[in-house]
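A short worksheet on the structure shown next.
For ligands, and for the atoms within them, numbers begin at 1 and follow the listed sequence. Worth saying up front: this structure is predicted, and the values here are computed from it rather than measured.
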Amino acid sequence: MSLLIKNGEIITADSRYKADIYVEDETITRIGHNLEVPPATEVMDASGKYVFPGFIDPHVHIYLPFMATFAKDTHQTGSIAALMGGTTTYIEMCCPNRNDDALEGYHHWKSLAEGNSACDYTFHMAVTKYDDKTEAQLREIVADGISSFKIFLSYKNFFGVDDGEMYQTLMLAKELGVITTAHCENAELVGRLQAKLLAEGKTGSAFHEPSRPVEVEAEGTGRFATFLETTGATGYVVHLSCAAALNAAMAAKMRGVPLYIESVIPHFLLDKTLAEQPGVEGAKYVMSPPLREKWNQKVLWDALAQGFIDTVGTDHCPFDVGQKALGKDAFTAIPNGIPAIEDRINLLYTYGVSRGNLGLHRFVDAASTKAAKLFGLFPRKGTIAVGSDADLVVYDPKAKGTISVRTQHVNNDYNGFEGFEIDGKPTVVTVRGKIAVREGQFVGQKGRGKLLKREPMYF
Ligand code: URP
Ligand code: ZN
Ligand code: ZN
């Protein structure tokens with residue numbers, strides 16, 4: 001089966017031109033003008049539309065046993081939501097906790113995604129302890145096609161690793177050519193501050209941010225960078241939320257430390273006053289690192305526009321209102337996280353490109369190309385080129401809409417971006433040459449998504 005997308009304006013991280021794209025089976029085989037194609041080809045007119053490479057979300061949680069409950073999406077609901085919003089590949093955090101066996105966890109996560117995801121996917125492998133089995137298990141997982149690790153410097157006794165375990169992970173990552181992604185907060189300080197606030201009777205969601213202030217994130221970011229500098233490993237800070245942590249990361253980048261920065265869409269658009277609302281309304285906005293004072297948002301947009309922030313993900317992690325209410329007596333029991341997989345691209349396009357905060361090429365780079373390059377997927381993913389997978393997003397920059405829980409595909413009963421206006425939207429989305437979204441409807445194939453094998457990058 002072949003497909004011709006005609007008259008669209010192709011936008012990649014470094015080029016912009018009008019041309020037709022011809023797709024055979026799963027691959028882009030020709031790009032040009034007046035292409036002659038077989039009669040059975042489906043022809044789609046993209047006049048007045050952009051054609052972007054399929055977007056990549058580098059940080060999602062689909063299956064996540066966490067904080068006495070589970071994140072709500074399945075690989076079916078999460079992938080359909082991703083596709084509806086133009087994301088054709090996601091990288092899920094595979095997160096067995098400290099008491100679990102890492103290799104068993106890896107196979108479990110894989111089995112849940114396989115045959116269920118409608119779009120392509122891969123994993124960051126979380127290293128949540130480093131015992132005598134860890135090295136051999138991680139070697140096996142990398143040999144199976146995983147080329148990034150994840151460590152948590154927070155969530156002590158659950159996902160968190162200590163400095164010794166971080167050192168061992170980075171040494172192995174360096175040897176294997178694997179990039180290590182890190183949640184950077186100082187676990188000890190978080191624990192002390194949580195205990196102090198609760199002892200003072202400060203139990204509401206408003207106290208989540210004061211228990212993880214910007215210094216706590218800046219310290220974690222700086223410490224991670226120091227360990228990278230010492231081991232020679234390459235790192236990637238996930239969900240950086242504020243100017244203080246950005247300064248710590250930038251200081252390291254300026255010293256030549258191979259450190260990349262991800263921020264996630266909530267931190268560009270939502271601020272800490274939302275988590276200060278009473279009751280469950282505030283709990284809906286509890287995530288870690290927390291939402292910050294609003295002025296940080298401009299710092300993040302500027303750093304993104306200039307390429308200091310490399311990628312924009314979501315940290316998609318849906319918990320419903322009932323789950324959020326688990327923390328009604330103590331903010332420390334509120335499941336951390338917020339969904340965004342469906343809305344990331346429309347929000348980034350609208351509040352970035354359309355409102356003048358972000359160039360069109362940087363938008364594609366931050367939302368697709370850079371992640372493909374960092375995580376061993378480029379040029380198969382992350383660009384529009386002959387030989388690349390035909391993951392394409394035909395995007396109507398004139399479409400208008402409003403985000404609402406009523407129209408979302410994410411399996412959750414609220415949307416943290418409820419009421420946000422949107423200036424553009426995907427009209428057609430393809431995954432390896434097959435149409436998955438057409439005019440706002442999912443028409444794809446559940447379970448067609450593939451686990452992407454990645455080569456170690458030899459950083
Ligand atoms: O609050 C968050 N971010 N929840 C998901 C787990 C994590 O830290 O990424
Ligand atoms: Zn995290
Ligand atoms: Zn996360």
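Counting only heavy atoms of the protein, atom 4 (N) of ligand 1 lies nearest to N336 O, 3.0 Å. Atom 3 (N) of ligand 1 has as its closest protein heavy atom D315 OD2, 2.5 Å. Summary of contacts: the protein heavy atom closest to atom 1 (O) of ligand 1 is S288 N, 2.8 Å. Looking only at protein heavy atoms, the nearest one to atom 7 (C) of ligand 1 is Y155 OH, 3.5 Å.
Between F55 and F363, a ring centre-to-centre spacing shorter than 6.0 Å is recorded. Aromatic ring centroids of Y130 and Y167 lie 6.0 Å or more apart. Not less than 6.0 angstrom separates the ring centroid of Y395 from the ring centroid of Y50. Ring-centre distance between H61 and F66: not below the 6.0 Å cut-off. Ring centroid separation for the pair H183 and Y155 comes in under the 6.0 Å cut-off.
R454 and T122 share a donor-acceptor pair across their side chains, judged by distance under 3.5 Å alone.
Applying the 4.0 Å criterion to heavy atoms of H239 picks out, from ligand 1, the atoms 8 (O), 9 (O). The contact set between ligand 1 and M287, taken as ligand atoms under 4.0 Å from a residue heavy atom, comprises 1 (O). Taking every heavy atom of H61 and a limit of under 4.0 angstrom, the matching atoms of ligand 1 come to 5 (C), 6 (C), 7 (C), 9 (O). Shown in contact with H59 at under 4.0 Å from a heavy atom are these atoms of ligand 1, numbered in order with element: 9 (O). If you number the atoms of ligand 1 from 1 as listed, the ones under 4.0 Å from a heavy atom of C317 come out as 5 (C).
Shown here are the protein N/O/S atoms lying under 2.8 Å from the Zn ion (ligand 3), water excluded: H59 NE2, H61 NE2, D315 OD1.
Between K150 and ligand 1, no N or O atom pair is found at a separation short of 3.5 Å.
The shortest heavy-atom distance from M93 to ligand 1 is not under 4.0 Å. No heavy atom of F159 sits closer than 4.0 Å to any atom of ligand 1.
Across D389, V364, T12, a single residue satisfies side-chain contact (heavy atoms from CB on, under 4.5 Å) together with T383, and that is T12. Here the options are T87, T89, T314, the test is side-chain hydrogen bond (donor to acceptor under 3.5 Å, both in side chains), and the partner is D57; only T314 passes. Evaluated for a side-chain hydrogen bond (donor to acceptor under 3.5 Å, both in side chains) with S288, the options H239, H208, E209 yield exactly one hit, H208.
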Kindly indicate, with the supporting measurements, whether the criterion side-chain contact (heavy atoms from CB on, under 4.5 Å) is fulfilled by F158 and T128.
-> CA-CA 8 Å; F158 194 70; T128 54; over 6 Å; no
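Classified by interplanar angle (parallel below 30°, tilted 30° to 60°, perpendicular above 60°), the ring pair Y121/H75 is tilted.
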